[in-house]
Amino acid sequence: MHRAVSMVAHLGLRLQALPSALGRPFSCAQDVLRRTPLYDFHLAHGGKMVAFAGWSLPVQYRDSHVDSHLHTRRHCSLFDVSHMLQTKILGCDRVKLMESLVVGDIAELRPNQGTLSLFTNEAGGILDDLIVTSTSEGYLYVVSNAGCWDKDLALMQDKVREFQNTGRDVSLEVVENALLALQGTVTSGCPSPCLKKNVAMGYVPSEYSRPGTPLLVEVRRKQQVAVVSKMPFVTTNYYTLK
């Protein structure tokens with residue numbers, strides 16, 4: 001971890017990975033699951049604990065997954081991120097560095113506003129998803145997946161070594177060309193408990209990307225009618241920072 005700090009500081013940046021589980025020590029034993037600070041809370045609320053990336057985490061509470069989903073949509077829910085890779089990026093060039101790694105518009109984030117974005121490789125391919133928050137304390141706070149801990153940290157370190165400015169332009173150009181070349185690819189999809197319909201995301205040629213355009217998608221070797229829709233699929237009703 002000290003190695004990452006020294007490499008970033010050389011470019012006028014400092015990168016600091018937060019202690020895992022907010023200060024809880026790592027266990028050296030591979031067969032012992034680590035616990036987050038909210039472990040006892042999860043148990044007290046009926047959490048069904050399972051192993052994930054070396055941690056004991058709740059996969060479900062007393063209610064069903066659908067009930068939890070609807071509660072989140074209608075009210076609010078919290079997510080325990082203590083097991084995830086949490087990184088602070090400091091320095092005057094922190095935004096330029098982050099925008100060379102992800103596809104989000106980090107420069108336009110307001111203080112304490114976050115955005116879901118994607119880590120990309122040099123060819124514009126997607127490596128992982130993550131959340132970047134621009135804090136009012138003058139640093140970027142990055143939360144990425146626990147299962148990709150080593151890969152994500154190595155990616156940030158490699159980018160710092162070669163930071164003097166090419167990744168973002170290459171990434172944008174490749175994505176634009178790919179959209180024109182693809183015949184159509186679904187990247188993710190699932191049932192929406194709120195809409196009681198299936199929703200999905202994917203790539204289509206630009207001439208078929210206008211909202212309202214009917215499409216045929218293949219689901220388990222059968223073609224189904226779909227319609228291009230603007231996101232979000234479900235209208236949000238929560239408070240956002242203005």
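In this structure, Glu99 and Asp105 have side chains that are in contact, with non-hydrogen atoms separated by less than 4.5 Å. Residues Ser56 and Arg34 form no side-chain contact, since every pair of their non-hydrogen atoms from C-beta on lies 4.5 Å or further apart. Here the side chains of Leu101 and Phe119 are in contact, with some heavy-atom distance below 4.5 Å. A 4.5 Å side-chain heavy-atom check between Thr120 and Val102 finds every atom pair outside the cut-off. Within the 4.5 Å cutoff, side-chain heavy atoms of Met49 are placed close to those of Leu43. Counting heavy atoms from C-beta outward, Leu215 and Tyr208 have side chains that approach closer than 4.5 Å. Residues Tyr141 and Gln86 have side chains in contact (heavy-atom distance under 4.5 Å, counting atoms from C-beta outward). Residues His69 and Arg73 have side chains in contact (heavy-atom distance under 4.5 Å, counting atoms from C-beta outward).
Rounding to the nearest 0.5 Å gives a distance of 13.5 Å between CZ of Arg62 and CG of Asp67. Rounded to the nearest 0.5 angstrom, Leu57 CG and Phe79 CZ are separated by 7.5 Å. The structure places NE2 of His83 at 8.5 Å from OG1 of Thr36, a figure rounded to the nearest 0.5 Å. Annotation: the span from Met98 atom CE to Thr87 atom OG1 amounts to 8.5 Å, rounded to 0.5 Å. Here the OG-CG distance, from Ser144 to Leu85, works out to 4.0 Å after rounding to the nearest 0.5 Å. Here the straight-line distance linking atom CZ of Arg210 with atom NZ of Lys230 works out to 11.0 Å at 0.5 Å rounding.
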From CA spacing to verdict: side-chain contact (heavy atoms from CB on, under 4.5 Å), Leu130, Val143: CA-CA 6 Å; Leu130 72 163; Val143 178; over 6 Å; no
side-chain contact (heavy atoms from CB on, under 4.5 Å) for Met201 and Ser188? Distances and angles first, verdict last. CA-CA 5 Å; Met201 296 177 63; Ser188 63; 3.9 Å; yes
Run Ile106 and Thr115 through side-chain contact (heavy atoms from CB on, under 4.5 Å) and show every step you take. CA-CA 8 Å; Ile106 308 304; Thr115 183; 4.1 Å; yes
Verify side-chain contact (heavy atoms from CB on, under 4.5 Å) between Asn198 and Cys190, making sure each step is shown before the conclusion. CA-CA 6 Å; Asn198 292 321; Cys190 66; over 6 Å; no
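Listed for the His75 side chain is no donor-acceptor partner under 3.5 Å among the backbone atoms of His71. Proximity of a side-chain donor or acceptor of Thr72 to a complementary backbone N or O of Ser68 within less than 3.5 Å is detected. No donor-acceptor pair closer than 3.5 Å links the side chain of Asn112 to the backbone N or O of Thr135.
For the pair Gly47 and Pro58, the tightest heavy-atom approach, listed with the atom from each and the gap, is CA-CB, 4.2 Å. Pairing each heavy atom of Val228 with each of Ser209, the nearest pair is CG1-O, 3.5 Å. Considering every non-hydrogen atom in both Val66 and Pro193, the closest pair reads CG1-CB, 4.1 Å.
Below 30°, between 30° and 60°, or above 60°: for Tyr61 and His42 the angle between ring planes is between 30° and 60°, a tilted geometry.
Counting heavy-atom neighbours within 6.0 Å of Leu78 CG, excluding the residue itself, gives a total of 12 or less. Summarising the local packing, CZ of Phe233 is surrounded by more than 12 heavy atoms from other residues, nucleotides or ligands at distances under 6.0 Å. Within 6.0 Å of CD in Glu108 there are 12 or fewer heavy atoms belonging to other residues, nucleotides or ligands.
Linking Ile, Leu, Val, Met, Phe, Trp and Tyr residues whenever their side-chain heavy atoms come within less than 4.5 Å leaves Val227 and Val217 in two separate clusters. Ile126 is connected to Val103 through a chain of hydrophobic side-chain contacts under 4.5 Å among Ile, Leu, Val, Met, Phe, Trp and Tyr, so both are in one cluster. Taken together through direct or relayed side-chain contacts under 4.5 Å among Ile, Leu, Val, Met, Phe, Trp and Tyr, Val50 and Leu38 form parts of separate hydrophobic clusters. One hydrophobic cluster, built from ILVMFWY side chains closer than 4.5 Å, cannot hold both Ile131 and Leu118; they sit in different ones. The hydrophobic clustering, which links ILVMFWY residues whose side-chain heavy atoms are closer than 4.5 Å, places Met84 and Tyr139 together.
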